[in-house]
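Okay, structure first, notes after.
Remember, it's a predicted structure, so these values are computed and weren't measured experimentally. Convention: sequence-line order gives letters A, B, ...; per-chain numbering from 1.
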Amino acid sequence: MASSSKAARLGEEVWKSRVDKINAEVLTLTYGTIVAQLCRDLTLPATANKTDYAAVNAELDRMGYNIGLRLIEDFLAKSNTGTCSSFRETAEVISKVGFKMFLNVVPQVTNWQGVEGKPQAFGLVFEENPLAEFVEYPDDGRAQDELWYSNILCGVIRGALEMVQMQIEAHFVTDVLRGNDTTEMRVTLVRYIEDEMPPDDE
Amino acid sequence: MHYFTITRSVVFALLIINKAGGLIFNRTFAPGLQKLDSNDYLILAGTFHGIHAISRSINPAPPEPQTQPPATHPRRPITTGIESLESSHFRLTCYQTATGVKFLLFTSPEQPNTEVVVRRCYEIFGDFVMKNPFYNLEMPVRVEKFERALAGYLVRP
């Protein structure tokens, strides 16, 4: 799996022949219901209906994380990709195989950062986002600035990569729902987790 | 002993070992192997886990890829460890996933394509165990649908 075109071909093939599909609107509406319910449930202390958007973001991330821990097995079993040889390859596989097979979108890998001394990081720019179809933010003057609607995706990636020995940090930096021109997530590699064998203590 | 009856291809048993070396699933699909008691299975799983880990580290490391970006995060080379183990009357195929789960498939030596079979078991595992919201990660697998799907795939009429 050296080149990105190879990843693209694999993603296409897995999507076509190996995964069950559902109507995209069922997913959009289900996810929308979850976010809306969280916004109703998680309120700022001592208020009845002022949503605590930071708590909503955190809860979405946590839900995603728990999904990612499990979803990675399905991903590995169906896609049959081996271990990535570099973080750059990981980025390509996430975008062209992972997102392709589960959401049928291919976010663009951009703003690659791999300079010496700095943590490796990349951006995922979503041209289309099936989760955010039909969404309009509530008109409370705060959602626009505080809610990251698709934050569950950050958690999914974090959970999934943790299971394959990569500790990463992921967050959205822009979202068209907030009035930005693009929707972009940034993924930063913190470290590879080497948990296999403790150094021998003979 | 009636070992002359085991000349066709048979899948005897499947064991699943979690990444900590604990046995989380153990099912026999065809008669032919001697019975082990459940404690022996646990010991087998733990011992195999240890030997597998050692076999991974004695593997000669593959050459470093040329196009590696600056190694800000050096990573241990990727090695698979034991993939199969054969004796006169059975073959053990081991498949370790990237997440560290091991699938041990006991088959007759005549069984072809054991790698394909074990990968399909992994797919069924992903579908029926990991997607079951009531399954706790790393814990023993008690999922009826998983067993039914496995039996449907592995038990030949």
A:E128 CD: over 12 foreign heavy atoms closer than 6.0 Å: no

Enclosure of A:D181 CG (heavy-atom neighbours >12, cutoff 6.0 Å): no

A:N80 portion near chain B, given a 4.5 angstrom heavy-atom threshold: both

A:D74 vs B:M130 side-chain heavy atoms within contact, under 4.5 Å: no

Smallest separation among heavy atoms of B:T99 and A:E73, with atom names: OG1-OE2, 2.9 Å

Part of A:I67 within contact of chain B (heavy atom distance under 4.5 Å): neither

Distance-minimising heavy-atom pair for B:P133 and A:R70: O-NH2, 4.1 Å

Side chain, backbone, both or neither of B:V101 within contact of chain A (heavy atoms, under 4.5 Å): side chain

Within 6.0 angstrom of B:E86 CD, more than 12 heavy atoms from elsewhere: yes

Residue pair A:K78 / B:D127, side-chain heavy-atom distance below 4.5 Å: yes

More than 12 heavy atoms from other groups under 6.0 Å of NZ on B:K35: no

Chain B neighbours within residues 143-163 of chain A, where any heavy atom lies under 4.5 Å away: A:M163

